[in-house]
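To keep things clear, I will list the structure first and then write my remarks on it.
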Amino acid sequence: MTETRTRPAPKAAVILTPRAEQRVADLMAKAPEDAIGVKLSTPRRGCSGLAYSVDYVTEEAKFDEKIETPGGVFYIDGASVLYLVGSTMDWVEDDFSAGFVFDNPNAKGACGCGESFMV
């Protein structure tokens, strides 16, 4: 007799902190009418090679990862998932700046200004 094993549900490639989820909700509250969510990608730019980019998205792409958050849908670009697996995304504000901050275990280095990273 073969034993059946239950596998746990897969975790999302990127974990959003409560502050990041709230920021997604804030963005979706003032999003363009045709926006269906917010998408994280890693375009090539900066001195270290890859950068984090968060933008509105108007349609689902075939290989994107989709994460339902309380404030709206968060997508991860399918081509970027391998660079982001295990990352945590937070939203940080202080007196001088505000933005998403990433704790990415795949990043092997970053440029001095923090604009880009390498894997």
Side-chain angles (χ1 to χ4, degrees):
M1 184 167 160
T2 305
E3 184 179 327
T4 303
R5 288 186 281 168
T6 303
R7 292 177 30 184
K11 293 188 337 186
V14 175
I15 303 301
L16 280 72
T17 67
R19 287 187 302 243
E21 286 183 349
Q22 182 58 54
R23 182 59 181 165
V24 169
D26 295 346
L27 289 169
M28 289 308 298
K30 60 183 179 186
E33 194 172 303
D34 60 344
I36 61 168
V38 176
K39 184 175 182 174
L40 171 62
S41 61
T42 55
R44 296 200 175 279
R45 73 170 178 246
C47 30
S48 290
L50 297 171
Y52 301 105
S53 181
V54 179
D55 303 288
Y56 290 114
V57 62
T58 57
E59 61 185 43
E60 290 187 10
K62 186 174 184 178
F63 295 106
D64 286 355
E65 181 167 329
K66 181 179 180 180
I67 302 170
E68 300 281 347
T69 73
V73 181
F74 182 75
Y75 294 90
I76 302 171
D77 175 62
S80 300
V81 170
L82 289 176
Y83 304 126
L84 299 168
V85 170
S87 295
T88 300
M89 180 175 150
D90 194 10
W91 176 258
V92 176
E93 290 184 46
D94 62 28
D95 290 341
F96 302 103
S97 65
F100 287 110
V101 176
F102 298 87
D103 179 13
N104 185 344
N106 306 298
K108 303 295 185 230
C111 65
C113 66
E115 172 71 20
S116 61
F117 69 100
M118 67 181 118
V119 289

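Please read these numbers as outputs of a predicted model, since none were measured by experiment. The residues of the chain are indexed from 1 along the displayed sequence.
- A search for side chain to side chain contact (heavy atoms under 4.5 Å, CB included) contacts involving Pro43 returns Ser41, Arg45, Ser53, not counting sequence neighbours.
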Show the atom names and distances, to 0.1 Å, of all donor-acceptor pairs under 3.5 Å that link a side chain in residues 74-82 to residues at least two apart or in another chain.
| residue | atom | partner | partner atom | Å |
| --- | --- | --- | --- | --- |
| Tyr75 | OH | Glu60 | OE2 | 3.0 |
| Asp77 | OD2 | Ala79 | N | 3.3 |
| Asp77 | OD2 | Ser80 | N | 3.3 |
| Asp77 | OD2 | Ser80 | OG | 3.0 |
| Ser80 | OG | Thr42 | N | 3.0 |
| Ser80 | OG | Thr42 | OG1 | 2.8 |

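- Considering only heavy atoms from C-beta on, Phe100 stays 4.5 Å or farther from Leu40 through its side chain.
- Of the possible donor and acceptor atoms, one in the side chain of Arg19 sits under 3.5 Å from a partner among the backbone N and O of Trp91.
- Considering Thr69, Val57, Val54 in turn, Val54 is the only one that fulfils the side chain to side chain contact (heavy atoms under 4.5 Å, CB included) rule with Val38.
- Distance check, rounded to the nearest 0.5 Å: CG of Asn104 to OH of Tyr83 gives 11.5 Å.
- Between the side chain of Asp90 and the backbone N or O of Val101, no donor-acceptor pair lies under 3.5 Å.
- Here the straight-line distance linking atom CE of Met89 with atom CD of Glu21 works out to 10.0 Å at 0.5 Å rounding.
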Taking distance alone, no hydrogens or angles, what donor-acceptor pairs closer than 3.5 Å link side-chain atoms of residues 26-36 to residues at least two apart or in another chain?
| residue | atom | partner | partner atom | Å |
| --- | --- | --- | --- | --- |
| Asp26 | OD1 | Gln22 | NE2 | 2.8 |

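- Atoms OG1 and CG, from Thr17 and Asp103 in turn, are 11.0 Å apart once rounded to the nearest 0.5 Å.
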